[in-house]
Engineer: 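What follows is a structure written as structure tokens; I'll ask about it next.
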Amino acid sequence: MSTHSSATGSLVVHSARIVDRGEITEDGWLRIENGTVTARGTGADWSPADEVIDAAAVAGPGALLTPGFVDIHGHGGAGASFDDGVEAIRTGRDLHRAHGTTRAVVSLVTASIDDLARNVATIADLTETDADILGSHLEGPFLDPGHHGAHEPTLLRHPVAADVARLLDAGRGTVRQVTIAPELPGGLDAIRQIVAGGSAAAVGHTDADAAMAVAAFEAGASILTHAFNAMPGIHHRAPGPVLAAAADHRVVLEAIADNVHLDPHVIKLVFDSAPGRVALITDAMAAAGSADGHYDLGAVSVTVENGVARADDTGSIAGSTLTQDVALRRAVAAGVELAEAVRALTETPARAIGCSAALGGLRIGMLGDAVLLDAELHVARVWSGPRLLA
């Protein structure tokens with residue numbers, strides 16, 4: 001596989017099945033000029049370009065062209081953790097870009113407020129130089145100690161308005177989402193504060209029941225962080241936060257389709273329960289695209305065996321070793337329709353963080369992020385457009 005910038009010149013990709021916004025267009029072509037989609041159609045009525053790609057010749061019969069994948073929740077890859085600074089972020093992003101993820105939100109695990117503010121500011125700087133970085137996701141420190149997962153429990157804290165404001169201010173408008181347990185003291189007020197500050201509030205690492213989850217969504221929370229994981233499950237007399245999220249048309253449900261965090265039957269259930277509102281995330285940590293062994297996830301020591309990451313002290317699942325192309329294959333294998341699985345990697349996550357006008361589709365005027373896949377959903381080529389000016 002190879003990655004290309006489409007930020008300058010003109011590119012035509014033809015003879016592809018274009019999968020976009022829940023629709024599949026047979027024998028389609030797409031034109032990108034200077035990193036922006038300028039035309040599309042079917043058949044052979046495309047004009048010459050600086051570069052012309054015959055999708056079927058490059059990726060075989062049944063080749064697919066999709067929007068670039070958008071990962072709104074990932075922690076690293078290729079041996080590098082996003083908590084460890086600019087070069088680590090770039091190393092991890094290079095790995096995920098090669099697997100189709102043209103844009104990503106950089107997720108940070110729980111740390112001190114000082115460390116988080118510093119890292120959020122670093123990521124804010126990166127959004128101005130690195131086109132693929134969409135901003136940051138604070139997965140902590142405002143989490144339930146009983147559902148801390150791979151977050152260091154001693155660093156968890158209740159949301160205080162001053163701390164929330166400091167973190168949002170450090171991001172200068174680039175904090176895309178904040179995961180929070182709404183039942184914590186001050187939790188609902190913090191959700192209102194996060195949303196008022198222009199970020200998405202996400203319910204996660206929580207002991208919330210359905211009623212508390214509903215209260216969080218009424219307060220403005222619009223994402224459920226990795227559905228089913230680090231929260232109460234579905235019980236027939238206690239439906240929990242997952243069903244509350246599925247019932248609310250405003251809420252996007254993150255799903256980790258690695259067959260470890262979610263059984264394939266549950267992957268299909270999430271899609272069936274919340275059509276058009278599933279975001280396939282990686283929640284990938286440093287071991288994605290790397291070998292089994294020992295890693296650090298923030299302040300937590302992690303061991304990866306057979307591609308499954310678990311915290312050394314508690315045995316909790318500690319992120320994944322997933323890439324988004326694998327998530328696509330797992331979702332389709334679970335019975336999800338191809339167009340809906342692609343939507344969950346593109347349009348839906350872009351919408352969840354307020355970027356759907358420019359990202360997550362292959363419509364005229366959108367950024368020229370595209371992925372060419374073969375019929376078995378393996379990545380053949382990746383193109384990415386210029387920086388998102390939003």
Engineer: Could you work out, with salt bridge (charged side-chain N to carboxylate O under 4.0 Å, His left out) as the rule, every residue matching Asp115, not counting sequence neighbours?
Structural biologist: Arg118
Engineer: Would you tabulate the side-chain donor-acceptor contacts of residues 196-209 under 3.5 Å, counting partners in other chains and residues two or more places apart, or write 'none'?
Structural biologist:
unit_1	atom_1	unit_2	atom_2	d
Ser199	OG	Val175	O	2.5
His205	ND1	His147	O	2.8
His205	NE2	Glu139	OE2	2.9
His205	NE2	His226	NE2	3.3
Thr206	OG1	Glu183	OE1	2.6
Thr206	OG1	Glu183	OE2	3.4
Thr206	OG1	Ala208	N	2.9
Asp209	OD1	Ala211	N	3.3
Asp209	OD1	Met212	N	2.8

Engineer: Please enumerate all residues that pass side chain to side chain contact (heavy atoms under 4.5 Å, CB included) together with Leu269, with sequence neighbours excluded.
Structural biologist: Phe228, Ser273
Engineer: Does Arg277 have any side chain to side chain donor-acceptor pair (under 3.5 Å) partners at least two apart in sequence or in another chain, and if so, which?
Structural biologist: none
Engineer: Suppose we screen for side chain to side chain donor-acceptor pair (under 3.5 Å). Which residues come up paired with Asp189, at least two apart in sequence or across chains?
Structural biologist: Arg192
Engineer: Take Asp283 and Ser320 through the side-chain hydrogen bond (donor to acceptor under 3.5 Å, both in side chains) test and state the conclusion after the steps.
Structural biologist: CA-CA 6 Å; Asp283 196 17; Ser320 84; over 6 Å; no
Engineer: Taking only Lys NZ, Arg NE, NH1 and NH2, and the carboxylate oxygens of Asp or Glu, determine whether Arg40 and Asp20 approach each other closer than 4.0 Å.
Structural biologist: yes
Engineer: With ILVMFWY side chains joined below 4.5 Å, transitively, what does Val160's cluster contain besides itself?
Structural biologist: none
Engineer: By side chain to side chain contact (heavy atoms under 4.5 Å, CB included), which residues pair with Pro61, not counting sequence neighbours?
Structural biologist: none
Engineer: Does this structure show an ion pair linking Glu340 with Lys268, if we count only N-O contacts that are shorter than 4.0 Å?
Structural biologist: no
Engineer: Name all residues meeting the side chain to side chain contact (heavy atoms under 4.5 Å, CB included) criterion together with Glu152; count only those two or more places apart in sequence or in a different chain, and write none if there are none.
Structural biologist: Thr154, Leu155, Ala299, Val300
Engineer: Would you check if there is a donor-acceptor pair between the side chains of Ser301 and His294 at a distance under 3.5 Å?
Structural biologist: no
Engineer: Could you name each residue pair satisfying side-chain hydrogen bond (donor to acceptor under 3.5 Å, both in side chains) that touches residues 237-247, not counting sequence neighbours?
Structural biologist: none
Engineer: My understanding is that a hydrophobic cluster links ILVMFWY residues whose side chain heavy atoms are under 4.5 Å apart, including indirect links. Using that, what else belongs to the cluster containing Leu143?
Structural biologist: Leu156
Engineer: Kindly write out the residues that satisfy side chain to side chain donor-acceptor pair (under 3.5 Å) with Ser222, not counting sequence neighbours, or none if the list is empty.
Structural biologist: none
Engineer: With sequence neighbours excluded, what pairs up with His236 under the side chain to side chain contact (heavy atoms under 4.5 Å, CB included) test?
Structural biologist: none
